[in-house]
Structure formats: C-alpha cells, structure tokens
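Residue numbers start at 1 and run along the sequence shown. Worth saying up front: this structure is predicted, and the values here are computed from it rather than measured. FYI, side chains are in, hydrogens and waters are out, and symmetry mates aren't considered; it's all heavy atoms of this structure.
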Amino acid sequence: MAARQLSAKKPKNLRYTLGTLFSYMGRHRFLLLAVAVLVTLSALANLLGTYMIRPVVNGLADGGIRSLVSGVLLTAAIYGTGVLCSYGYTQTMVKAAQKVLFDIRRDLFARLQSLPVRFFDSGRRGDVMSYFTNDVDTISDALNNSFAMVIQSFIQMTGTLLILFILNWRLSLVVVVCYAAMFLYIRFSGRRSKAYYTKQQASLGDLDGYIEEMVGGQKVVKVFNHEQENLRIFREKNEALRRAGTGAQSYAATMVPAVVSISYVNYAIVAVLGGLMAMNGMTDVGSLASCLVFVRQAAAPINQFTQQSNFLLAALAGAERVFEAMDQKPETDQGTVDLINVKQQDGGLVPCKENSGSWAWRTQDGALHPLRGDVRFEHVDFGYVSGHPILKDISLYAKPGQKIAFVGSTGAGKTTITNLINRFYDVQGGRILYDGFDVRDIKKDALRHSLGMVLQDTHLFTGTIADNIRFGRLDATRQDIEQAARIANADSFIRRLPEGYDTMVTSDGANLSQGQRQLLAIARAAVADPPVLILDEATSSIDTRTEALIEKGMDRLMEGRTVFVIAHRLSTVRNADAIMVLEHGRIMERGNHDELIRQKGMYYQLYNGMFTLS
C-alpha cells in the first residue's frame, strides 16, 4: 500500500483519465448511487449524533431525567443507523469496485490481445504486467477506500462548519481561519513534493523492470556468476528509489502532523473563548460541549481527505497508464477474403462446418477459391526501423507442396520473411501473394489460421501436456492429440511421464527438457493440421537422433503442404525443393541441394565449413 502511495503523481491528462474512469463507473451507476446515499446517511448520522450532545447536556443541567434518557436513546438510535449505513456502503462498494475492475481488466486484456507484435517487441514484459498489477491495484484501492471516504470527508467538513455556525457563529470563525491554514499548508506541501513523486515513479518502474528481468534470467545469472554485479546494480537503482521517496515524503509526511497540530491550536483557542463566553452567559453549556467535540473532530475529515488525495492521485496515474494502453491502435485488418472448410459435392466445392482437411478462400461475392499454398514475394522491402532496411528487393516463390528452406547468417532476414508471411509486420514495398491474393486483402485470422508455426523459442502454458498440444486446435479430441504426438514422435516420451498426457507443465515447461518442449511445439502444429507450415529453427534444440526420429513424421505432416524451413543445420534442408541463401537482406542463391553444390558458391562454402552460420 505504501509503495503504491509513494508512486502517486498527477496524471498528464486529468480530464481524459477522469472521464474514462467515470465511464466505467457509470456502467454500475445504481450500485455507486446506493453507496453515495449510504455514505451520506452515515456521515449525517455522525454529525447529528455529535450535535445531540447539546440537548443531552442541557437536559442533564436542567435536572430532567426523562429528557436525559430520551436524549441518550435517540443518540444511540442515530449512531446505530450510522453503523448500519456504514456496513451497507462498505459491502456495496466492494461489489461495485470489483465489477468496475472486472470491466477494466477484461477490456485491457482484450486490447492487448489485439495489439500488433511491434508493441510487445518495443516494450518490456514487466511494464505490460504492471498494468494488471500495480496500476489496476491502485485503481482498486481508490475505489474500495477513497470513493466513499472522499464523500464522507466532504460531508463531514461542510456539515461541521454548518453546525458550528448554528451552535455559535463567533467560535466558528476561528475554525474557518484554522481550516484555511490547514489547506494552505497542504497545498504548499503538495507542490513541493510533486517533482519528487515524478522521480519516484520513474525510479520504481526502472527497479521493477530490472528485478523482473533478473529473476527471469536466473539460470544465466548463476552460470556466469553474475550475482554480485547484479546486486551492485540493484543497490544503485534501489538507492535512487530511496532518494526520490525520501524527497517526496519529507513534505508529504508532514501533512497529517501539521493538520493535527493546527487542530490542537484551534481546539485550545475555541475552548478558552467558549469558556469565557459561557461564563458571561453568551452561550449555553450544551452548545459549548457540542461545539468543542465538533472542533476536536474537525481535523479528522481533513486528514482523511489529505490521505485519500494521495490514493486518488496514485489511482489516476495508474488509470492513465492503463487507459493509454487501451488507446493503442490495434492491428489494422482491412482484409475481406476469408478461409473456410470445404468438401466436394456434385463436382464442386461447398462450405462445411466440420474439419474436412480441405480449405478454400471465400471472397466478398461468395466465390470459393481452393487453398493451394502458392506463396510469392514480389520486390519486397522491409525494415523494423525506418531507414534501416532488413529485406531489400526480395522476390521468391513457393509452389504448392514445395519445401522451401532459408539459410544464412544471423541477421540475414530469414525469420523476417516468415514474419511477413503471417503479417506480424506489413511490407513497406512490394507485395506478398498467397494463392494470388495480396496477404493484406486476407483477413488476419484467416491468414494465420492457414499457417502453422513452430518457433525456435518454444512457449508452453500452465496446464497438462494434452492441453498444450490442444492449444493448436481447441476442438481437438484426445485421439487427435495422441495422433499429433505420434507424428512428432513425442508420444513415447509423453507416455513415460508420471501422468502421461495428463502430466502438468509448470514454469514454461521447466520440468521437461528443451528437446521435449520442442517436440510438444511440433505436436501442437501437427494437431492444427494447417495447409502451410513455417518451421523456424524447429529442430534446433533436438539432438540428431531425435531429429532423425521425427523426420518421417514431419514428412507425413508436410505431405501436400507448402513448408518454409529456417535452419542453421544444413543437413536438415538437404531434401528441400528449393534452398534460399540470404545475406544482408538479399537472396544470393536459389536451388536445390545438388544444384547449389555444383555451383560451388556461398552454399557450397557453407556446407563444406568454409564459412560458418553465425
């Protein structure tokens, strides 16, 4: 709680942030209205209960026991009503807050799912995770605590002043002066600490990102004995955070003591002046007693308001980050061509719902075009950063059913080509044709549904082995999953696991070897049964024996499908129909293995170890 409070700073666009937050709150306006009504009743009960000191004390002074008893019972009833209202608004606020947070998390996750890969490539994973943790938690704190407390504090402040004027307008002037002094100091302290809060926010984000990065790379840290150096860097970042936090709190921490001290002075002055007025008959004892209690309580709502203002600023700063993420432009998809399952009927193709193993492109006019897997690059230019091209005038073709391999040194553009096929990025020049359609005219969901990918960096999800394979096709049956595992030659090792296909995978597959994880990734692609396959270093983590075992299964999987293969091991691409040798973003050679060996060019030199793929 304290850490999040420290990170408070005024959001850059307060009006927009408040407007967006209120729009989420407005979806549950009736619950929040009930909270506001119950908070108001609770605050009024507290004010009225304190005011009842006047008739109770005056009744005691007049000697009327009946008046005293009735006054005490009425006061008890008022406070009892306040307690019930307090219980009611706290429970209602919890429900309303969780509904608002549910909506925010749902919309945030949905938007992140729709963002382009570039967004995640350019940011740290820890920053994205902080949207759902630190930032949403600050909104939660504000909704659960500050919303009701601000209403209550405001009513108590204004109600206290109003009743003080009713009880004794002369003494209330002293309270007004002290109130003004409190707010002036709060304003002064808030301005001084604002700059430190900004530094605090930046330092906190830097430290969180560093911790997340180091914890995620603990194996590398330990292998290279980097613990002491990591500790040194952590201490530097932690010290920067400490200095920023100390600077901010040196002013912010004085707010509450300053307000309390002014309230003590206020109480002393009112007590002395009120006593003199009572002795001279200018006020009755009951009014003075009630007035003193109100003066004594005057600092409480201001302190609450001050504390809640920090929570509110933290919440608005967190909300601004969340809403900025929601405002990121999603992937543009102006495609109109869809992909559907089809079957042969009456000598032609007709759509079907079941997985028939045959696919067709459907255009806007309803025409069906069989999916053949013909992929062509026509003078494609691309660079991740403007002015730094990765691919330069790339032209290539993959005929239906061909296995196309890309080889070349690191940074030559091999993976970039596959990223462009599935439109993780869009070309900056030229075009990519898929069965005669520009990939930009194909709906992204349809395009990616037609492509199966096995990446070099495998990612497994928390769940069973079967669940991870089923990720390739959610409606896959257990039989489909086991068949896919057999194709990838993963079935044998899976059945040797303690629970077989029901064995839980944890920590991104930490309980499996790298080779086993790669086999599961291949099985995941196999169960998807895609028309086109992209294998990006798919066998890089598999030993030669395992690689030989899966070759037959992969051949069955690739039969009749267009396949793109990226590999550092040239032995894995010998049976490719065409091999592309890339260097510096250009295709230097093209041909099958025998043709390229006869040319005795770059591929020949790579194959014979004259050059190395690095």
Side-chain angles (χ1 to χ4, degrees), residues 338-345 349-360 370-373 400-401 403 422 445-455 458-506 508-509 511-536 538-539 541-542 545-563 565:
D338 205 356
L339 179 69
I340 61 171
N341 282 111
V342 293
K343 62 182 180 180
Q344 291 285 342
Q345 183 175 311
L349 296 176
V350 295
C352 62
K353 294 183 179 180
E354 67 273 12
N355 184 11
S356 62
S358 298
W359 301 267
L371 193 158
R372 298 181 296 114
K403 179 179 179 181
N422 55 38
D445 286 348
L447 175 66
R448 292 169 184 168
H449 187 73
S450 73
L451 302 170
M453 289 193 70
V454 180
L455 303 175
T458 61
H459 184 82
L460 300 181
F461 300 91
T462 299
T464 65
I465 294 286
D467 290 336
N468 273 275
I469 297 176
R470 188 182 286 113
F471 198 86
R473 181 161 59 88
L474 295 181
D475 61 350
T477 65
R478 186 60 172 256
Q479 184 179 357
D480 295 333
I481 292 170
E482 293 179 2
Q483 176 62 22
R486 283 192 290 270
I487 290 175
N489 268 316
D491 182 72
S492 58
F493 95 79
I494 293 174
R495 294 189 183 278
R496 289 195 298 269
L497 295 174
E499 303 295 330
Y501 282 87
D502 296 320
T503 300
M504 289 295 297
V505 176
T506 58
D508 202 12
N511 53 336
L512 301 174
S513 70
Q514 181 65 29
Q516 289 172 334
R517 294 199 292 269
Q518 197 73 28
L519 289 173
L520 290 183
I522 295 172
R524 181 188 294 167
V527 81
D529 194 22
V532 177
L533 281 173
I534 298 174
L535 308 177
D536 188 352
T539 58
S541 300
I542 299 174
R545 179 179 176 274
T546 306
E547 184 179 352
L549 288 175
I550 70 170
E551 275 190 354
K552 291 183 179 179
M554 290 298 293
D555 286 341
R556 292 197 303 271
L557 176 63
M558 292 185 292
E559 186 177 351
R561 292 174 170 82
T562 305
V563 182
V565 179

Any non-hydrogen side-chain atom of D467 less than 4.5 Å from a side-chain atom of F461? no
Please report the interatomic distance [atom1]([X]) to [atom2]([Y]), rounded to the nearest 0.5 Å.
X: L497; Y: D502; atom1: CG; atom2: CG; answer: 11.0 Å
X: L535; Y: I522; atom1: CG; atom2: CD1; answer: 7.5 Å
X: H449; Y: N422; atom1: NE2; atom2: CG; answer: 14.5 Å
X: N468; Y: R524; atom1: CG; atom2: CZ; answer: 5.5 Å
X: F471; Y: L520; atom1: CZ; atom2: CG; answer: 13.5 Å
X: S492; Y: R486; atom1: OG; atom2: CZ; answer: 11.5 Å

Is R473 salt-bridged to D529, going by a charged N under 4.0 Å from an acidic O? no
Using a cut-off of 6.0 Å, state whether more than 12 heavy atoms not belonging to Q479 lie near its atom CD. no
Over all atoms of both residues, closest heavy-atom pair of [X] and [Y]:
X: G452; Y: P530; answer: N-CB, 3.4 Å
X: L371; Y: S450; answer: CD1-CB, 3.9 Å
X: A484; Y: A523; answer: CB-O, 3.5 Å
X: A525; Y: V454; answer: CB-CG2, 3.6 Å

Got a sec, which residues hit side-chain contact (heavy atoms from CB on, under 4.5 Å) with Y501, two or more places apart in sequence or on another chain?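 Counting only residues at least two positions away or on another chain, Y501 forms a side-chain contact (heavy atoms from CB on, under 4.5 Å) with I465, A466, I469, R478, I481, E482, A485, D491, I494, R495.
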Residues in side-chain contact (heavy atoms from CB on, under 4.5 Å) contact with D445, at least two apart in sequence or another chain: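 None.
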Can you list the steps and then say if I340 with W359 is a side-chain contact (heavy atoms from CB on, under 4.5 Å)? CA-CA 6 Å; I340 61 171; W359 301 267; over 6 Å; no
Let me see the working for R517 and L460 under side-chain contact (heavy atoms from CB on, under 4.5 Å), right down to the final yes or no. CA-CA 8 Å; R517 294 199 292 269; L460 300 181; 3.7 Å; yes
Passes side-chain contact (heavy atoms from CB on, under 4.5 Å), V527 versus R470? Steps please. CA-CA 7 Å; V527 81; R470 188 182 286 113; over 6 Å; no
Would V532 and M453 count as a side-chain contact (heavy atoms from CB on, under 4.5 Å) here? Give the steps. CA-CA 9 Å; V532 177; M453 289 193 70; over 6 Å; no
Using atom types as modelled and distance alone, determine if a side-chain donor or acceptor of T562 lies under 3.5 Å from a backbone N or O of G401.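 Such a contact is found between T562 side chain and G401 backbone.
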